[in-house]
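When a ligand or atom number is given, it counts from 1 through the structure's own listing order. All heavy atoms count here, side chains included; hydrogens, waters and symmetry mates do not.
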Amino acid sequence: MAPGSIHPNGKKYEIMNGGEIEEISLEQLTKVLKPFMKEVAEIEDKAITQIRHFGSDINSISITNVIPMGNFKKANNGEYYGPNPWHGSSTGMNTWVNPTKNVAFCFRCNAGINVAKAIALQEGIMNNCGEDLNKEGFKKVLKVAYEKYRLERPKNELSIEKLSEALDEWEEEKTKTVNISGRLEDGIFFSTIPVKYRDKYFFVVFTEDGKIIKVVNNYLEKIKNEDIKVQSFLSVYEKRALVQAKKIDDKIARGEKISLLEGVPVSIKDIILVKGMKCTGGSKILENYIAPYNATCINKLEKEGVIILGKNNLDEFAMGSSTENSGFKPTRNPLVLSRVPGGSSGGSTAAVAADFSVFSLGSDTGGSIRQPASFCGVVGLKPTYGTVSRYGLMAYSSSLDQIGPITKTIEDSRIVFNAIKGKDLMDSTSVDNNNSSRFNLDKIKNLIIGVPKEYFIEGVDPEVSRLVKGSIKKYEDLGAKVKEVSLPYTKYAIPTYYIITASEASTNLARYDGVKYGFSKGENLKELYFQSRGKGFGKEVRRRIMLGTYALSSGYYDAYYLRAQKMIKLIQKQFQEVFKTVDVIMSPTAPTPAFKIGEKTQDPVKMYLSDIFTVSVNLAGLCGISVPCGEVEIDSVKLPVGLQIIGKPFEEDMIMDVAQIIEK
Ligand code: GLN
């Protein structure tokens, strides 16, 4: 392994000492980093500016090494140079030396490779980022880095000659370097840290001796101070979170190891049951309902040690596309408060985008994870139906509902998905996903991307089309093949979806009768039904119950429900045909960026059309992910746009791998 490379192992913090890997404790690690907290943030900003000079669309960076100054040499001109090219001298961009503090920091860009390697790849000096760059290759990199890319060099950087000199000494010298990875890379704060969230993450990582309780407190404070504007939470459980955090801190103090997700502050869509917490489903009818048991996904996450801060707002019973159908309050898009966060998991995506929680779980019946993820500029994964147990998820349309992660990065999405997936005895439709299709950049020439022509039609915001096509072009430039495909049944997807979901909802929601759960009003049985359901349910839910009851009624069943069922089969078949010739399908996640609050509330059909590109994925039993692919400017504000990558059933890893290429 090259010095300076990352060697995540999930649990340990490591020091690389003259080539020997030693394990260190969290306290030791924190001790090393603590004196430099402020400086690290400053240096990091500089690093990003410098890396941007390279012309790369790098947007995140993290520290990989902290090297004692003892290893740096002072040159005649008073400048310093590092013990090996991975430490600083590489391109002059990824190390900053602070002689007064006796320390140097090394950085890694989000491309997952050293900047030197990035140049080497670009220049054909090496072909595969898995290789190590040898000394000769490295010298070539240095030359082009300075001559061709004209990198702006930090003041204390050495001349190219001096750097080459340092390089020559590299192999002879037995250097003693301290190479820290783990906590930043794969500890509780996950792998890649997008710039947008960087400050907060560093704040979290470096403050207060790394105590989880402080971290959790910071998140709770932020919710308290800032969620007044965003309204992404329906309930917050401070005490519970702090007690859990304290327990983890004690564990760390005893020297016990903690798991990857342990201590991570998260939030959950308020339609998934967390024992002892309120679970309203976003409905007045369940205003005071307390969950008596945990959903399976919550059991799994709690076993991993996550800390649930509270429950996120949603469209009532997940019916909606803007979170304006919540029985309690609309959530606002934290990026532009006058706009919706999308829905129905809008509280979850808003909370993650606003950094009120590290990740959230949402549910997706027809796009409710992907569409709001696209509106809020975060990552939303809808796994294949059945891969995540639905036990403890309030049923909306049981044949389509699926739980999935809402995260800031794809790597986080992978970590959370792996933690919650799997067969569960409590949900007979759940299965183990044993598909191991993976993908990496080396195989890009074999990748065939299907682009459905029906997904780039009139009505799609031209800027959204442009950005999505631009992203697809990037894959093409890297060597992938792009193939236009046709999914002519797309036009029937929305009517089919709304007949099926309304029908299932009308039966699923029959259980809220004013007797078994929650809100109850009325003098006699008939009145009890009328009053409890009439007052407890909101307008959209009542509309769907009526629609569903109608579609299922004996005179109309054949005309609507049965035909919709047949249509599902045709849509499924069409996707199967297309997937015989392509590996993944790419499209916009939604036809527009986040719309204004109130813009579509008067016209349910207009609202339904915001799911036009997502519903088919649920109907056809596929998996899909939305990843941010750029921003459009509307009314002089920037709004994120999501690229949807659709995969074959159970190919979640594949679509995440493919998505990661564009994320980088
Ligand atoms: N907006 C769609 C609906 O209202 C999707 C909802 C969802 O996926 N839960 O049904």
V266 vs I307 side-chain heavy atoms within contact, under 4.5 Å: no
Residue pairs passing the salt bridge (charged side-chain N to carboxylate O under 4.0 Å, His left out) test where at least one lies in residues 271-294, sequence neighbours excluded: none
Give every donor-acceptor pair under 3.5 Å between a side-chain atom in residues 556-570 and any protein atom, sequence neighbours left out.
{"unit_1": "Y561", "atom_1": "OH", "unit_2": "Q565", "atom_2": "NE2", "d": "2.8"}
{"unit_1": "K569", "atom_1": "NZ", "unit_2": "Q572", "atom_2": "OE1", "d": "3.3"}

Partner set under side chain to side chain contact (heavy atoms under 4.5 Å, CB included) for K539, not counting sequence neighbours: R542
Close residues, ligand 1: non-hydrogen atom nearer than 4.0 Å: A318, M319, G320, S321, S344, D364, T365, G366, G367, S368, Y396, Y497, Y498, R544, D611
Non-hydrogen side-chain atoms of L609 and P591 separated by less than 4.5 Å: no
Under 3.5 Å: donor-acceptor pair, side chain of T507, backbone of E504: yes
